[in-house]
Amino acid sequence: MTRTARGGISRRSSSSKTSQCVECLLQRLLCKLQVTDPNLSRSHSSFLKMTEAVENFSLKDVLADFKSCLGNDNQAVLMDYYLSGWKGLVKFMNSLGTIFTFVSKDAVAKIQIMEGYRNSAESDKYISLQSMVAYELAAKLVDLEKRSDHPNSGCRTILRLHRALRWLQLFLDRLKTSTAESKTSTMCTNAYNESLSNYHPWIIRKTATVAFCALPNRDAFFDVMNVGTSDEVMAMLNEAMPYVAEVYEITQQLYAQHNLLDLP
Ligand SMILES: CCCCCCCCCCCCC/C=C/[C@@H](O)[C@H](COP(=O)(O)O)NC(=O)CCCCCCCCCCCCCCC
């Protein structure tokens, strides 16, 4: 199935009245959540309370993990730093409120699968994404056509995170060039539509799109990043984003080279 077919117009246009009804329900659910759960409020002051829970957390450290991923030669992507970066992102996402739990749960499950490999007897085979691909392919541990004997191979699990990393890259790129008036929900939705949504079924796409509406505004978002002033956030993003982009590109090439970009 091609990207276009998965996220395509045909699927969207075929879902007429039913889709509108479900969308309506999701919208109502979201409105209700925003009224009853103060954590979901978009107001700056209530969002600041959330930052208390993640006091010592800075997005700067998270993005630094993606720099460390590249090691010294910038060729291999080191697994432990990659997973550490993801764990930090999950922590950040959890601070955004319960509405994002369905996203973080899935990311956590995937991180745990990979940590399981890193703590197994084959730990050294999973030291980098490159060694993982070489090992799993040679040992025939990857379901290439259909999920069956190896439903949670490292290759397919990392592919899901890799696709999500593209969303992150596009979202942070937008944030980097945003102005005080820019809406985080719009930036997030556009980044999602250009990337991850192409791999998600209709119901996940709709739920994700509704959840994005609960994102805090840009200033509050910057506060929870815990990096400093807007200018400092921008400077940090300018410095860190090339590393995220490089990790993405190296992984993309690795998967393309081995025909692994469509793993079921
Ligand atoms: C900032 C707001 C966070 C928005 C997150 C955007 C991503 C939305 C993705 C919705 C995923 C829904 C959950 C289910 C996914 C799975 O079906 C699906 C396929 O897996 P399967 O083949 O095993 O079934 N899984 C995936 O595609 C992997 C999704 C992993 C999502 C991780 C997103 C982490 C976002 C980190 C946020 C940090 C933001 C920092 C910005 C300053």
Side-chain angles (χ1 to χ4, degrees), residues 1 3 6-7 26 40 42 47 50-51 54 57-63 65-66 82-83 85-114 143 146-147 150-176 178 183-227 230 233-234 236-237 240-241 244 261-264:
M1 207 186 283
R3 282 181 181 210
R6 282 183 205 194
L26 289 170
L40 297 176
R42 274 187 249 174
F47 193 71
M50 280 183 253
T51 65
V54 282
F57 167 84
S58 165
L59 195 72
K60 199 173 186 170
D61 302 330
V62 175
L63 295 183
D65 277 331
F66 288 100
Y82 191 87
L83 298 180
W86 271 106
K87 277 159 103 172
L89 289 173
V90 165
K91 213 165 150 189
F92 181 87
M93 196 166 39
N94 286 341
S95 71
L96 295 178
T98 46
I99 200 160
F100 289 98
T101 309
F102 83 107
V103 181
S104 65
K105 265 190 181 163
D106 186 69
V108 166
K110 286 173 171 54
I111 293 165
Q112 283 173 346
I113 291 172
M114 296 315 301
D143 288 337
K146 174 169 161 291
R147 244 181 137 186
H150 308 289
N152 292 327
S153 67
C155 287
R156 95 122 359 229
T157 305
I158 289 289
L159 178 62
R160 268 53 185 179
L161 294 177
H162 169 65
R163 289 169 177 168
L165 194 66
R166 178 67 180 154
W167 163 81
L168 180 73
Q169 192 193 347
L170 294 175
F171 176 59
L172 293 182
D173 273 342
R174 282 177 163 80
L175 212 54
K176 205 174 72 178
S178 64
K183 290 181 85 175
T184 45
S185 55
T186 307
M187 291 187 272
C188 189
T189 306
N190 291 343
Y192 177 72
N193 288 341
E194 273 179 39
S195 55
L196 206 45
S197 80
N198 293 320
Y199 305 99
H200 288 162
W202 179 87
I203 188 70
I204 300 248
R205 288 204 303 264
K206 285 293 162 205
T207 313
T209 309
V210 172
F212 295 154
C213 298
L215 278 174
N217 66 32
R218 184 176 171 272
D219 283 350
F221 210 84
F222 282 0
D223 278 336
V224 89
M225 282 181 177
N226 205 11
V227 171
S230 294
V233 171
M234 294 303 189
M236 185 278 290
L237 289 177
M241 287 315 291
V244 175
L261 285 169
D262 284 314
L263 289 180

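Order of appearance sets the numbers: ligands from 1, and atoms from 1 within every ligand.
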Can any side-chain N or O of R163 pair as donor or acceptor with the backbone N or O of L261 at less than 3.5 Å? yes
Side-chain H-bond candidate by donor/acceptor type, S104 with N94, under 3.5 Å: yes
Please check this pair: side chain of T184 against backbone of P216, looking for a donor-acceptor N/O pair closer than 3.5 Å. yes
Is it true that a side-chain atom of N198 and a backbone atom of S195 form a donor plus acceptor pair closer than 3.5 Å? yes
Could you work out, with salt bridge (Lys or Arg N to Asp or Glu O under 4.0 Å) as the rule, every residue matching K60, not counting sequence neighbours? none
Note down each nitrogen or oxygen pair, ligand 1 side and protein side, whose separation is under 3.5 Å; give only atom names and the distance to 0.1 Å.
from     : atom 1 : to   : atom 2 : distance (Å)
ligand 1 : 20 (O) : K110 : NZ     : 3.3
ligand 1 : 22 (O) : R156 : NH2    : 2.8
ligand 1 : 22 (O) : R160 : NE     : 3.0
ligand 1 : 23 (O) : K110 : NZ     : 2.8
ligand 1 : 23 (O) : R156 : NH1    : 2.9
ligand 1 : 25 (N) : D106 : OD2    : 2.7
ligand 1 : 27 (O) : H200 : NE2    : 2.8

So, R156 side chain and P264 main chain: donor-acceptor pair closer than 3.5 Å or not? yes
